[in-house]
Amino acid sequence: MKYGVLCENHLFLKVYAAKNRAGGRFVTVYVLKDLHAARLKKEHPLKKKINRAGISVSKKLGSAVERNRIKRIIREAYRQIEKETPLKKGKLIVFCAKEGAGKQKTHQIKGELVRAFERLEMFE
């Protein structure tokens, strides 16, 4: 299933401004209720609410190849978590990578995301 993606800067800024976050050593997770969840539910082919997620990786973390590797790792960890345990739907989620995230494996990032989601009470 295709996941909802955040790509507008104003949505990233709103999520950051809400200050509802939980951080680990390599990834910080920001969460905000999506005000357009009902509209998106109507447009969804299965008529389900979805989470829209975005990934932010600074240029300080390395070259484009390294930044894209970090994005792939975070995306895959998030997919595995959603497959294994149900998350609350109708949220905007932003993952912010920190220094050293590119040297980690998917299962290590997944563990950090699980702890962050527990702190943010995202599990149903």
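All residue numbers refer to positions in the sequence shown, counting from 1. Remember, it's a predicted structure, so these values are computed and weren't measured experimentally.
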Validation row: K49, L40 side chains within 4.5 angstrom (heavy atoms): no
Main-chain N/O of F26 paired to E112 side chain as donor or acceptor, under 3.5 Å: yes
Between CG on residue L61 and CD on residue E99, distance to nearest 0.5 Å: 5.5 Å
pair C7-F12: side-chain heavy atoms closer than 4.5 Å: no
Min side-chain heavy-atom separation E82-R79 under 4.5 Å: no
Distance in Å, R75 CZ paired with T106 OG1, rounded so as to fall on 0.5 Å steps: 11.5 Å
Beyond-backbone contact of V65 with R69, side-chain heavy atoms, under 4.5 angstrom: no
Stepwise side chain to side chain contact (heavy atoms under 4.5 Å, CB included) test for I50 and K89: CA-CA 5 Å; I50 60 169; K89 302 294 182 190; 5.7 Å; no
Within one Ile-Leu-Val-Met-Phe-Trp-Tyr cluster: I70 and Y30, side-chain cutoff 4.5 Å: no
Salt bridge (charged side-chain N to carboxylate O under 4.0 Å, His left out) between K103 and E66, intermediate numbers included: CA-CA 9 Å; K103 294 178 177 42; E66 294 167 355; over 6 Å; no
CZ/R119: more than 12 non-hydrogen atoms of other groups inside 6.0 Å: yes
From CA spacing to verdict: side chain to side chain contact (heavy atoms under 4.5 Å, CB included), L6, V94: CA-CA 8 Å; L6 278 183; V94 174; 3.8 Å; yes
Exam field: side chain R115 to backbone G24, donor-acceptor pair closer than 3.5 Å: no
Backbone N/O of I74 and side chain of K110: donor-acceptor pair under 3.5 Å: no
N-O pairing of E76 and K105 below 4.0 Å: no
Residue pair I55, V57: steps toward the side chain to side chain contact (heavy atoms under 4.5 Å, CB included) verdict: CA-CA 7 Å; I55 302 172; V57 182; 3.9 Å; yes
Single-linkage hydrophobic cluster, 4.5 Å side-chain cutoff, V15 and V5 together: no
CG on L32 to CG on L120, rounded to 0.5 Å: 11.5 Å
same_hphob_cluster(I81, V31) at 4.5 Å side-chain heavy-atom cutoff: yes
For G62 against R67, the heavy-atom pair lying closest together: O-NH1, 2.7 Å
N/O donor-acceptor pair under 3.5 Å between R21 side chain and A116 backbone: no
Test item: K98 and R25 side chains (from C-beta on) under 4.5 Å apart, heavy atoms: no
Working for side chain to side chain contact (heavy atoms under 4.5 Å, CB included), residues V27 and L113: CA-CA 7 Å; V27 180; L113 294 182; 3.8 Å; yes
Same apolar cluster (I L V M F W Y, side chains within < 4.5 Å links), F123/I109: yes
K41 (side chain) donor-acceptor with K47 (main chain) under 3.5 angstrom: no
Donor-acceptor contact present, side-chain N51 to main-chain G4, <3.5 Å: no
Check: F117 main-chain N/O paired with E121 side-chain donor or acceptor under 3.5 Å: no
Partner of D34 under salt bridge (Lys or Arg N to Asp or Glu O under 4.0 Å), chosen from R52, K88, K91: R52
From OG1 (T85) to CD (Q80), nearest 0.5 Å: 11.0 Å
Interatomic spacing from CG in N68 to CD1 in I73 - rounded to 0.5 Å: 11.0 Å
